[in-house]
**Q** 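Following this message is one structure expressed as structure tokens.
Source: prediction; values computed, not measured. Remember, it's 1-based here, ligands and their atoms both numbered in the order they're listed.
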Amino acid sequence: MAEPLVKVENLKKHFPVNGGIFGKKIGEVKAVDGVSFFINKGETLGLVGESGCGKSTTGRMLLRLLEPSEGSIYFEGRDITKLSKGELRKIRREMQMVFQDPFASLNPRHTVEKILEEPLIVHGMKSSAERKKRVRELLEIVGLNSYHAKRYPHQFSGGQRQRIGIARALAVNPKLIIADEPVSALDVSIQSQVLNLLQDLQEEFDLTYLFIAHDLGVVRHISDRVGVMYLGRIVELSDSEPLYENPKHPYTKALLSAVPIPDVEHQSERVILQGDVPSPSNPPKGCPFHTRCPQAMEECANKQPLFKEVEKGHYVACHLYK
Ligand code: SF4
């Protein structure tokens with residue numbers, strides 16, 4: 001089988017917590033605590049979990065917008081955690097990000113043309129005429145009109161702004177797009193239009209996606225495989241269908257029970273999780289989910305479950321699966 005486009009091994013991000021009069025390190029927040037996965041070329045991996053579970057931190061580390069504390073990130077077989085700044089700049093054009101809030105990520109004082117020209121300049125497109133031509137092409141690719149180039153971000157609706165964010169990510173022909181909650185800020189009716197656009201673009205330009213969301217419902221139709229994160233770790237990872245049809249981890253079951261499905265007869269009974277997500281600066285011993293798990297057993301409080309393959313391609317970290 002071909003080498004995956006992205007392979008992540010034991011990735012960690014621990015933020016120091018400083019305190020006292022001398023500002024000494026008094027602890028650390030384990031935002032991401034040993035995550036491993038791969039993404040094949042042309043596929044979409046969905047990464048899902050409640051806010052603060054480490055999914056966005058993982059996405060940012062993949063682009064090295066955040067430096068990992070530990071672990072490796074291979075892109076086309078090269079460990080990008082070891083690249084120099086110059087080498088990283090070259091590889092950056094292959095990986096782009098689409099953000100949750102397009103309004104915050106688009107400079108309000110710049111026209112769309114200027115916003116879309118920026119990455120082209122950074123990556124060496126010198127001719128202004130060529131850049132302007134590319135900007136018009138990009139606008140059409142994402143379903144906008146070329147006359148939109150002269151407008152400012154506030155003159156667009158939320159869905160149109162996200163289209164501009166996508167056009168900006170596409171500007172330099174990347175191979176990988178990390179989409180961090182790209183539709184969470186949009187109305188439900190607009191969400192599916194943006195999801196369809198992302199799917200069409202994937203087919204047309206052979207793109208690979210890491211699609212980050214807090215809701216399993218959103219990633220269902222766009223993901224080939226899905227990973228579920230809890231307190232900085234992936235607790236379940238598998239092809240989409242088995243994960244939705246036969247979830248194994250109690251946390252995945254709880255998340256899924258909250259997703260409304262059209263076929264009411266097959267809606268599983270709602271699992272209400274007790275308590276809040278524990279602080280990543282002081283995660284529980286044993287299984288990190290044991291303080292909220294409806295199926296917790298004695299050993300769960302002491303022994304951390306290994307993340308292992310329980311069915312072909314279906315990985316779970318839970319003592320229920322020996
Ligand atoms: Fe629940 Fe125990 Fe499985 Fe953790 S290991 S998810 S506490 S059953």
**Q** Do you see a donor-acceptor pair shorter than 3.5 Å between the side chains of His14 and Asp33?
**A**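 A pair is found: one side chain offers a donor N or O, the other an acceptor, under 3.5 Å apart.
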
**Q** Could you list which atoms of ligand 1 come closer than 4.0 Å to a heavy atom of Cys300?
**A**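 Answer, ordered by atom number: 2 (Fe), 5 (S), 7 (S), 8 (S).
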
**Q** Among all the protein's non-hydrogen atoms, which is closest to atom 3 (Fe) of ligand 1, and how far away is it?
**A** Cys318 SG, 2.3 Å

**Q** Could you tell me whether Glu299 approaches ligand 1 through its side chain, its backbone, both or neither, with non-hydrogen atoms closer than 4.0 Å?
**A**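 Looking at Glu299 and ligand 1, no heavy atom falls under 4.0 Å.
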
**Q** Report yes or no: does Cys287 have an N/O/S atom closer than 2.8 Å to atom 3 (Fe) of ligand 1?
**A**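 It does not: Cys287 brings no N, O or S atom closer than 2.8 Å to atom 3 (Fe) of ligand 1.
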
**Q** Whether the side chain of Asp215 engages the backbone of Gly217 through a donor-acceptor N/O pair (distance < 3.5 Å, no angle test) should be reported.
**A**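 Indeed, once roles are kept as given, a pair shorter than 3.5 Å links the two residues.
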
**Q** Distance under 4.0 Å to a non-hydrogen atom of Leu320: what atoms of ligand 1 satisfy this?
**A**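 What qualifies from ligand 1 is 8 (S).
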
**Q** Is the NZ or CZ atom of Lys7 both under 6.0 Å from the centre of the six-membered ring of Phe38 and within 45° of that ring's axis?
**A**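 Negative - Lys7 is either too far from the ring of Phe38 or too far off its axis.
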
**Q** Would you say that Arg151 contacts Glu113 through its side chain, given a criterion of any heavy-atom pair below 4.5 Å between the two side chains?
**A** no

**Q** Number the atoms of ligand 1 from 1 as they appear, then name those within less than 4.0 Å of a heavy atom of His249, with their elements.
**A** 6 (S)

**Q** Is Lys308 atom NZ crowded by more than 12 heavy atoms from other residues, nucleotides or ligands, each under 6.0 Å away?
**A** yes

**Q** Backbone or side chain, does Cys293 get an N/O/S atom under 2.8 Å to atom 4 (Fe) of ligand 1?
**A**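 No N, O or S atom of Cys293 is closer than 2.8 Å to atom 4 (Fe) of ligand 1, so no.
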
**Q** To the nearest 0.5 angstrom, please state how far the OH atom of Tyr152 sits from the CG atom of Asn107.
**A**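 Here the interatomic distance stands at 10.0 Å.
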
**Q** When you measure from atom 5 (S) of ligand 1 to every protein heavy atom, which one gives the shortest distance, and what is it?
**A**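 Sorting protein heavy atoms by distance from atom 5 (S) of ligand 1 puts His319 N, 3.2 Å first.
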
